[in-house]
Amino acid sequence: MKLRLGNWIGLSAIVVLADQWTKHLVRGALRNGEVIRVTDFFDLVLAFNPGAAFSFLADQGGWQRWFFVALAAGICGWLLRLLARHQHELLQPLAFSLIIGGAIGNVIDRFVFGAVVDFLYFHIGRYGWPAFNVADSAISVGVVLMIIAQLREHRHSAAQEKLS
């Protein structure tokens, strides 16, 4: 099944909508720092992260907000160009679409709140993974798919060279 550019951009829009909707629900249900235990290893929390992954640069004076917005805009621009070039494939444009949607979802938070809204917290006892959100999940899955696509392409190229 070959999809066109508009379908891939539509997927990015679905990621943005799902991300913003879930964040809206959590902001309506919880106060900042509040925790709802769901299972022994998973909690819903409301946290605002002004930094990047693992709260990288979160303790800076606010300049990081615009740095991450600019970085996301640049990466989205680059990925949109790649998306247009590879739109008739499957794995790479899927990866690009997920990353673009996730990046836009988090950029919206930075504009509106000055920080990214995180709410999914997995842990074992007192040891836990930093809280994250739907956008972060889409970005992570997209990056993994991008790596898989590149490894497949490299393997395919190596096989073609052997045949030549």
Side-chain angles (χ1 to χ4, degrees), residues 1 3-80 82-83 90-148:
M1 170 175 62
L3 299 175
R4 301 257 184 250
L5 184 59
N7 296 90
W8 292 120
I9 292 173
L11 176 59
S12 293
I14 289 169
V15 170
V16 172
L17 291 172
D19 175 63
Q20 291 299 303
W21 181 66
T22 55
K23 290 172 180 175
H24 171 76
L25 291 175
V26 169
R27 285 192 327 272
L30 299 173
R31 290 182 313 277
N32 190 22
E34 190 175 357
V35 178
I36 294 176
R37 169 134 300 159
V38 179
T39 69
D40 288 341
F41 61 88
F42 172 67
D43 298 339
L44 288 175
V45 301
L46 179 57
F48 292 86
N49 179 7
F54 305 102
S55 296
F56 176 67
L57 297 178
D59 59 351
Q60 299 301 304
W63 63 267
Q64 74 277 21
R65 173 185 188 183
W66 304 112
F67 171 75
F68 291 129
V69 166
L71 182 64
I75 290 170
C76 284
W78 172 64
L79 289 175
L80 281 168
L82 290 174
L83 185 58
L90 183 61
L91 199 54
Q92 288 202 85
L94 175 59
F96 302 153
S97 296
L98 292 172
I99 295 168
I100 291 167
I104 292 171
N106 282 340
V107 163
I108 290 170
D109 288 0
R110 290 188 193 285
F111 276 120
V112 174
F113 305 108
V116 173
V117 176
D118 290 326
F119 60 92
L120 302 168
Y121 179 62
F122 288 89
H123 57 87
I124 297 174
R126 60 187 179 129
Y127 301 103
W129 190 259
F132 60 99
N133 56 48
V134 171
D136 298 335
S137 300
I139 292 168
S140 297
V141 170
V143 167
V144 169
L145 293 175
M146 214 164 110
I147 291 168
I148 291 169

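Worth saying up front: this structure is predicted, and the values here are computed from it rather than measured. Nothing fancy with the numbering, it's 1 onward along the sequence. Hydrogens, waters and symmetry mates play no part in the numbers below; they use all other heavy atoms, side chains included.
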So [Y] and [X], do their side chains get closer than 4.5 Å, heavy atoms only?
X	Y	result
Val45	Asp118	no
Phe48	Val117	yes
Val35	Leu44	no
Phe41	Asp43	no
Asn106	Lys23	yes

Legend entry - Identified side-chain contact (heavy atoms from CB on, under 4.5 Å) counterpart of Ile100 within the set Val16, Leu83, Ile9, Val15: Leu83
I need the [X] [atom1] to [Y] [atom2] distance, nearest 0.5 Å.
X	Y	atom1	atom2	result
Leu90	Leu145	CG	CG	9.5 Å
Tyr121	Arg37	OH	CZ	9.0 Å
Ile124	Asp40	CD1	CG	11.0 Å
Thr22	Arg27	OG1	CZ	9.5 Å
Arg110	Ile108	CZ	CD1	12.5 Å
Leu80	Ile75	CG	CD1	12.0 Å

Inset, instruction - Consider only side-chain N and O atoms of Asp109 and Asn49, and report whether a donor and an acceptor are under 3.5 Å apart. - result: no
Legend entry - Nearest heavy atoms of Ala72 and Val107, plus distance in Å: CB-CG2, 3.4 Å
Inset, instruction - Work out which heavy atom in Ile104 is nearest to a heavy atom in Cys76; give both atom names and the distance. - result: CG1-SG, 4.3 Å
Inset, instruction - Dump the intermediate steps for side-chain contact (heavy atoms from CB on, under 4.5 Å) on Phe119 and Val134, then the final yes or no. - result: CA-CA 9 Å; Phe119 60 92; Val134 171; 4.2 Å; yes
Legend entry - Ala135 backbone acceptor or donor facing Asn133 side chain under 3.5 Å: yes
Inset, instruction - For the pair Ser97 (side chain) and Ser12 (backbone), establish whether a donor and an acceptor sit closer than 3.5 Å, ignoring hydrogens and angles. - result: no
Inset, instruction - Take atom NE2 of His123 as the centre, draw a 6.0 Å sphere, and report whether it contains more than 12 heavy atoms from other residues, nucleotides or ligands. - result: yes
Inset, instruction - If the plane angle is over 60° it's perpendicular, under 30° parallel, otherwise tilted; pick one for Phe122 and Phe132. - result: parallel
